[in-house]
Amino acid sequence: MRPPRLPSHRRRRLHFHLLLVAPLLCFAFLTPALAAAGAPPAAGAAGDTGGEGGIISSRAAVAWPAMDTKGVVSATEVLKKEPVSDVITLKDSMKYFDADFFNDSKLREMEDGAKEFNVPAFRENRKLVALENGGLHNPSVLLFKSSWSGDSMKSEAKTFDCPRASAVHRPSNDEDIAFMSVIELGELIRTKQITSRELTDIFLRRLKRYNPVLEAVVTYTEDLAYKQAKEADDLLAQGKYLGPLHGIPYGLKDIIAVPHYKTTWGSRTFKNQVLDTEAFVYKRLKSAGAVLLAKLVTGSLAYDDIWFGGRTRNPWNIEEFSTGSSAGPAASTSAGMVPFAVGSETAGSITYPAARCGVTALRPTFGTVARTDVMSISESLDKLGPFCRSAVDCAIVLDAIRGKDAGDPSSREVALGDPFHVNITKLTVGYLDDAEMEVVDVLSSKGVKMVPFKLNYTVESVQSILNITMDVDMLAHFDNWQREGHDDDYEAQDQWPVELRRARMVPAVNYIQAQRARGKLIKEVRDSFTVDAFIGNVTDWERVCLGNLVGMPVVVVPTGLKSIKDPPKGGTKRRTTVATGIYAPPDHDHIALALAMAYQSVTDHNKQGAPIDDLGPNDRIHR
């Protein structure tokens with residue numbers, strides 16, 4: 001999801017200017033010289049209505065009169081005066097950088113400095129770090145720390161004390177099994193009511209059954225899945241139980257590297273790419289005993305829901321799309337094709353698809369989960385987080401994947417509290433004007449002090465700060481991709497291609513000013529955050545930008561269903577999902593999770609199954 005763009009005619013203006021400025025400058029120099037020599041105006045020149053649209057015709061027979069050439073500057077000599085032409089071009093172009101205040105002498109100095117120093121340095125640095133796309137290597141040393149506490153507040157990160165589900169019995173049909181939570185499936189495995197192999201069979205069948213409609217899977221990892229399921233079952237037979245994810249199937253967004261399988265980044269440019277490395281998050285899930293079923297759809301280069309194989313649909317209403325680049329994880333979890341999945345967010349790619357597809361998801365505090373061997377958009381914005389059936393499941397998955405890794409200098413050991421041991425009656429929680437009031441009422445009935453709240457800040461450029469940060473960082477990671485012209489092959493031409501060309505025009509000084517403004521925003525938000533958490537709309541674009549710039553965690557909570565617009569005559573089971581967000585300060589993910597657990601403990605919105613192939617007798621989907 002991205003902020004609105006300039007109208008297309010304004011976006012084109014700069015491109016046309018660059019194409020036209022050189023010939024216009026030459027014409028401006030040549031015309032006075034020819035006029036001084038007594039040459040007649042050419043066809044199409046000022047004052048002439050003939051010719052071909054104002055362009056000098058090569059077919060026109062021009063009879064030049066005799067003239068005295070003494071003292072006349074020839075066209076060749078005019079064209080040799082390149083510095084003058086370059087200075088004028090540079091002077092005119094500086095308005096696009098909001099820096100058109102230099103005189104000609106300073107511009108010549110700047111031109112010389114760019115040629116002699118800047119450009120050679122640019123090229124040398126690109127050779128060092130930018131020949132590979134994706135930002136997998138050579139991370140920036142400029143690190144963003146989202147914590148509001150100083151180093152003195154650090155303490156050891158402890159494993160959550162996850163409870164066991166009680167009185168769980170295996171359902172008689174696979175459909176019911178498919179929509180059980182991770183904690184329930186884990187109990188079935190622990191008590192040997194079902195094997196990991198059986199679960200793998202069930203979910204692989206569902207993936208293959210529904211993927212032709214939803215377009216949510218890029219690559220099945222079937223051989224790996226059965227190998228990992230066997231290992232999980234063998235360990236359990238030996239009396240070794242690894243924890244609540246032991247033998248549980250799952251999916252990964254296809255920006256996360258898994259050896260021997262394609263990591264396509266959703267892009268036709270990279271659709272055959274194999275990265276024989278193990279992402280940190282995959283290593284953590286493997287060590288927890290989880291079973292990888294598939295690489296799930298990411299929008300092309302982690303932008304929206306369009307990828308080289310199609311466009312991912314929303315299981316709750318398959319006439320609409322899932323939105324957000326974590327499209328595959330959201331749709332697959334919603335459809336009961338996987339018990340959980342891991343996706344990512346830079347600017348809305350967890351919150352938007354989770355809300356649209358009606359699943360519980362967590363965008364964690366920035367830096368909580370290391371992003372080693374994951375495609376990078378922005379090193380100060382990217383986050384990995386779980387899509388699940390419940391907040392309890394999100395806590396279980398977060399506990400497994402969180403941690404610091406040397407491959408991601410921004411990652412850290414965040415000393416989260418245990419969400420299973422938060423006394424919510426001691427919390428003061430705010431609610432915004434756009435909060436879902438059922439959540440407010442339920443939490444109030446559970447003993448939480450609920451108060452009206454507004455997050456106050458004076459920075460008006462929140463959305464543009466996000467866009468400048470994200471786009472420039474992305475261009476740094478895909479500089480070579482753009483230079484080689486691969487943006488012409490991109491799946492949606494009004495997305496990254498437009499934004500990354502615009503990013504090429506952002507001077508370093510203005511990128512830094514955006515980060516300074518971001519720092520001011522963070523301070524104001526911190527000072528205004530006078531509650532333990534707050535409830536509010538989770539897809540408001542300003543709030544999405546703000547939350548990601550600050551590094552703030554949020555839990556996406558399904559809160560109900562409503563009728564779709566213009567339903568077919570006779571009705572349909574398709575629905576529009578309703579969701580809200582529970583926000584907490586950085587490093588307080590456990591507070592948001594505990595509140596979400598409390599709400600879901602007495603409601604069942606998160607337990608509903610999407611009607612993928614049971615739409616009603618009079619509903620027909622055209623696809």
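Side-chain N/O atoms of R504 and Q482 include a donor and acceptor closer than 3.5 Å. Using modelled atom types and a 3.5 Å distance limit, the side chains of K383 and T368 yield no donor-acceptor pair. There is no side-chain donor-acceptor pair under 3.5 Å between R371 and S344. In the model, S411 has no side-chain atom that pairs as donor or acceptor with a side-chain atom of D405 under 3.5 Å. Checked by atom type, the side-chain pair E436/T580 shows no donor-acceptor distance below 3.5 Å. D589 and T365 share a side-chain donor-acceptor pair at under 3.5 Å. Side-chain atoms of E345 and S326 include no donor-acceptor pair closer than 3.5 Å. Inspection of the S410 and E379 side chains reveals no N or O donor paired with an N or O acceptor under 3.5 Å.
In plain terms, the two heavy atoms of A355 and V556 that are nearest each other are N-CG1, 3.9 Å. Taking every heavy atom of both residues into account, I396 and P244 meet most closely at CG2-CG, 3.7 Å. T323 and D305 make their closest contact through N-OD2, 2.8 Å (heavy atoms, listed as atom of the first residue, atom of the second, distance). Between G134 and W265 the shortest heavy-atom distance is CA-CH2, 3.6 Å.
The number of heavy-atom neighbours closer than 6.0 Å to CG of D98, taken from other residues, nucleotides and ligands shown, is 12 or below. Atom CG of D433 sits in a sparse spot, with 12 or fewer heavy atoms from other residues, nucleotides or ligands closer than 6.0 Å. Other residues, nucleotides and ligands contribute over 12 non-hydrogen atoms within 6.0 Å of the CD atom of E542. In K520, the NZ atom is not crowded: 12 or fewer heavy atoms of neighbouring residues, nucleotides or ligands sit closer than 6.0 Å.
Considering only heavy atoms from C-beta on, Y352 comes within 4.5 Å of W541 through its side chain. Between Q495 and S300 there is no side-chain heavy-atom pair separated by less than 4.5 Å. Inter-residue side-chain proximity for L500 and D487 is flagged as unmet; no heavy-atom pair is nearer than 4.5 Å. In this structure, K562 and V578 have side chains that are in contact, with non-hydrogen atoms separated by less than 4.5 Å. A heavy-atom distance below 4.5 Å is found between the side chains of T559 and Y599. Between N548 and T346, the closest side-chain pair of non-hydrogen atoms is not below 4.5 Å. Using a 4.5 Å heavy-atom cutoff, the side chains of V531 and T428 are in contact. Between L561 and W316 there is a side-chain heavy-atom pair separated by less than 4.5 Å.
With sequence neighbours left out, S601 forms a side-chain hydrogen bond (donor to acceptor under 3.5 Å, both in side chains) with K446. Contacts of K449 classified as side-chain hydrogen bond (donor to acceptor under 3.5 Å, both in side chains), with partners at least two apart in sequence or in another chain: none.
Not a single donor-acceptor pair under 3.5 Å links the side chain of H590 to the backbone N or O of D418. The closest donor-acceptor contact from the side chain of R363 to the backbone of G385 lies at 3.5 Å or more, if one exists at all.
Note: W481 and F478 have perpendicular aromatic rings, judged against thresholds of 30 and 60 degrees for the angle between ring planes. Note: F534 and F529 have tilted aromatic rings, judged against thresholds of 30 and 60 degrees for the angle between ring planes.
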Result block: side-chain N/O donor-acceptor pairs under 3.5 angstrom for residues 328-342, not counting sequence neighbours:
from	atom 1	to	atom 2	distance (Å)
S332	OG	G328	O	2.9
T333	OG1	P329	O	2.8
S334	OG	C357	O	2.8

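By the 4.0 Å N-to-carboxylate-O rule, D471 lies too far from R501 to be salt-bridged with it. Between D434 and R543, at least one side-chain N (NZ, or NE/NH1/NH2) sits under 4.0 Å from a carboxylate O, which counts as a salt bridge.
The one candidate from L595, T360, V442 that meets the side-chain contact (heavy atoms from CB on, under 4.5 Å) condition with Q600 is T360. With respect to E320, the salt bridge (charged side-chain N to carboxylate O under 4.0 Å, His left out) criterion is satisfied by exactly one of R313, R356, R311: R356.
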Going through the checks in order, is the side chain to side chain donor-acceptor pair (under 3.5 Å) test met by K253 and S325?
CA-CA 9 Å; K253 184 176 180 178; S325 69; 2.8 Å; yes
